[in-house]
Colleague: 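Got a structure for you, questions after.
This chain uses plain numbering: 1 for the first residue, then up along the sequence.
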Amino acid sequence: MNLKDIGEFGLIARLAENCIFNKKEILVGIGDDTAVLPLDQDYHLLVSCDMLIEKMHFLREVSSPFQIGYKSVAVNFSDIAAMGGWPTSILVSIGIPKSISFEYIDEIYKGMKNICKKYSVNIIGGDTVASPDGIVINVTVLGKVEKNNLHLRSHAKVDDVVFTTGTLGNSAAGLQIIKNIQNHLDIDIPSKIKDFLLQKHLSPEPCLNEIRILNKIELGLNALNDISDGLASEAWEIANASQIGIELYKDRIPISEETQILGQLLKTSPLDWALYGGEDFQLIGTIDKIHFPIFSKEYKRENGTDLFEIGRTINYPGVFLVHNEEKVYLNKSGFNHFD
Ligand code: ADP
Ligand code: MG
């Protein structure tokens, strides 16, 4: 079978069959943002890895080596946040073409160390090899989560409020700016907007401060996921894992002013960037309907930003975009590595 036919998600589903040979040592395996392993009386251990490949995830002519290092760690911290946890250590495996200078790798590590210092995380090991073509960076992250703060994709209940922690589509908008520059499409974009969107794409921030606040409030918080592959794809993951459906309110999906302005300039729908773009690394989650008003008020008080109500969970399968009387079935789409 061709990989293009089965797709990234189909391939992982096939690989995930028959992987557990020692049930005592595992709580959650393949299928969530991280694996969950037993640790001690109060905490579970979280483990995950994410790989960035040159030309697929970053371009050396666009990202600085500092940004490459920063992002390679940020995407891993995002998966820990998506479980309700906090990162504690990382291991870094790196494949380097012989033509790359020591100074370049040093800058990548400066980016990694910068974000690790910011969130008090240790770099504890890794592996270094030569790569025949392009830089490869794989970061493995370890973290821990208080047992009652563990939030799986499968924890959504019917009649929950679906929320997100921030504006969506910024990263895809930033990527579009990069593509336009590469294609010599000379569109005059105000530099403030350009800088904001490029920053969102090239140096994303994991929602670790946000998860601290969500955990503190707790009160009815059910499922959580990070938005790495686009809102539609992540909503599908929660819906499938929880065996429920989700309605997303079309006019309540938060889109920044910068992304809206770029959409107008490029005559592109910013909603498509939010739904299918990915790499925003905001959190999407569900909260019991009765607790949401107090929850969102507390969140705003603590974080200074809104917890955006973007939809609700329903008792039949599917993810839908609703607007007034209109209800459209949303494909999972999102980014698929073998498309
Ligand atoms: P996310 O949705 O957080 O971006 P992925 O889509 O990368 O995560 O992966 C989905 C799930 O599949 C995760 O639990 C991940 O650990 C697992 N997974 C991905 N690739 C493999 C693989 N090659 N072998 C085993 N498990 C994998
Ligand atoms: Mg994830």
Side-chain angles (χ1 to χ4, degrees), residues 7-12 31-34 48-59 62-63 67-68 70-82 137 139 153 162-180 182 196-207 210 223-241 246 248 250 253-256 258-260 262-263 266 268-285 308 310-311 319 321 330-339:
E8 179 192 342
F9 298 110
L11 174 65
I12 294 173
D32 218 305
D33 292 294
T34 76
S48 175
C49 62
D50 235 317
M51 181 154 60
L52 298 192
I53 295 202
E54 186 179 344
K55 295 194 187 110
M56 176 60 85
H57 298 96
F58 63 87
L59 296 167
V62 175
S63 295
Q67 287 171 326
I68 295 168
Y70 195 95
K71 186 167 178 175
S72 65
V73 176
V75 300
N76 279 280
F77 286 1
S78 177
D79 278 323
I80 297 285
I137 304 170
V139 174
R153 292 173 185 178
V162 178
F163 71 89
T164 184
T165 46
T167 54
L168 304 177
N170 298 321
S171 178
L175 180 63
Q176 192 57 53
I177 293 176
I178 293 167
K179 284 182 179 165
N180 282 5
Q182 286 173 328
F196 172 85
L197 296 174
L198 286 177
Q199 169 79 9
K200 292 285 180 191
H201 181 69
L202 298 175
S203 278
E205 203 58 36
C207 284
E210 289 80 354
L224 261 187
N225 203 356
D226 68 329
I227 303 185
S228 54
D229 295 330
L231 177 59
S233 178
E234 310 301 343
W236 265 108
E237 283 177 354
I238 291 178
N240 283 340
I246 289 180
L248 295 171
K250 189 175 174 186
I253 294 169
I255 294 179
S256 70
E258 290 84 352
T259 293
Q260 288 184 34
L262 189 76
L266 303 184
T268 305
S269 155
L271 188 63
D272 280 352
W273 287 330
L275 289 173
Y276 300 116
E279 292 211 328
D280 282 313
F281 298 108
Q282 294 295 335
L283 297 174
I284 173 178
F308 298 94
I310 58 167
V319 174
L321 193 63
L330 273 186
N331 285 319
K332 187 167 196 266
S333 285
F335 187 76
N336 173 342
H337 266 281
F338 301 110
D339 252 357

Colleague: Could you measure the distance from the CD atom of Q67 to the CG atom of L198? Nearest 0.5 Å is fine.
Modeller: 8.5 Å
Colleague: Hey, does I253 have a side-chain heavy atom less than 4.5 Å from the side chain of L275?
Modeller: yes
Colleague: Counting only N and O atoms by type, is there a donor-acceptor contact under 3.5 Å from the side chain of Q282 to the main-chain atoms of G166?
Modeller: yes
Colleague: State, to 0.1 Å, how close A81 and C207 come at their nearest heavy-atom pair, and which atoms those are.
Modeller: CB-O, 3.7 Å
Colleague: Working to the nearest 0.5 angstrom, can you tell me the gap between L266 CG and W273 CH2?
Modeller: 5.0 Å
Colleague: With side chains defined as the heavy atoms from C-beta onward, is the minimum distance between F163 and L224 less than 4.5 Å?
Modeller: yes
Colleague: Taking all non-hydrogen atoms of both residues, which atom of V319 and which atom of A239 are closest, and how far apart?
Modeller: CG2-CB, 4.1 Å
Colleague: Could you tell me whether the side chain of D280 and the main chain of S171 form a donor-acceptor pair under 3.5 Å?
Modeller: yes
Colleague: Work out which heavy atom in N331 is nearest to a heavy atom in Y276; give both atom names and the distance.
Modeller: O-CE2, 3.7 Å
Colleague: Return the NE2 to CD distance between H57 and E279, rounded to the nearest 0.5 Å.
Modeller: 7.0 Å
Colleague: Where is the tightest heavy-atom contact between S48 and N76, given as atom of each residue plus distance?
Modeller: O-OD1, 4.1 Å
Colleague: Measuring from atom CG of L175 to atom CG of N180, what distance do you get when rounded to the nearest 0.5 angstrom?
Modeller: 9.5 Å
Colleague: K71 and side chain to side chain contact (heavy atoms under 4.5 Å, CB included): which partner among V73, I68, V75?
Modeller: V75
Colleague: Is there a side-chain contact between L168 and F308 in this structure, where contact means two heavy atoms from C-beta onward sitting under 4.5 Å apart?
Modeller: no
Colleague: Passes side chain to side chain donor-acceptor pair (under 3.5 Å), N170 versus T259? Steps please.
Modeller: CA-CA 6 Å; N170 298 321; T259 293; 2.6 Å; yes
Colleague: Give, for atom CD1 of I177 and atom CD of E258, the distance between the pair rounded to the nearest 0.5 Å.
Modeller: 10.0 Å
Colleague: Within the 4.5 Å heavy-atom criterion, are L59 and Q182 side-chain neighbours or not?
Modeller: yes
Colleague: Does NZ or CZ of K332 come closer than 6.0 Å to the centre of the six-membered ring of F9, within 45° of the ring's axis?
Modeller: yes
Colleague: How far apart are the closest heavy atoms of L248 and A235, and which atoms are they?
Modeller: CD1-CB, 4.4 Å
Colleague: Kindly indicate whether the side chain of I178, heavy atoms from C-beta on, has any atom under 4.5 Å from the side chain of L202.
Modeller: yes
Colleague: Within the 4.5 Å heavy-atom criterion, are F58 and H201 side-chain neighbours or not?
Modeller: no
Colleague: Measuring from D50:CG to S78:OG, what's the distance to the nearest 0.5 Å?
Modeller: 9.0 Å
Colleague: Distance-only, no hydrogens or angles: does the T165 side chain make a donor-acceptor pair with backbone N or O of L283 under 3.5 Å?
Modeller: yes
Colleague: Testing the basics here: between D33 and A82, what is the closest heavy-atom pair and its distance to 0.1 Å?
Modeller: OD2-CB, 3.3 Å
Colleague: So do I310 and P254 actually touch side chain to side chain, heavy atoms under 4.5 Å?
Modeller: yes
Colleague: Are the side chain of D79 and the backbone of D226 linked by a donor-acceptor contact shorter than 3.5 Å?
Modeller: no
Colleague: So, the side chain of Q260 versus the backbone of I255: is there a donor-acceptor pair under 3.5 Å, distance only?
Modeller: yes
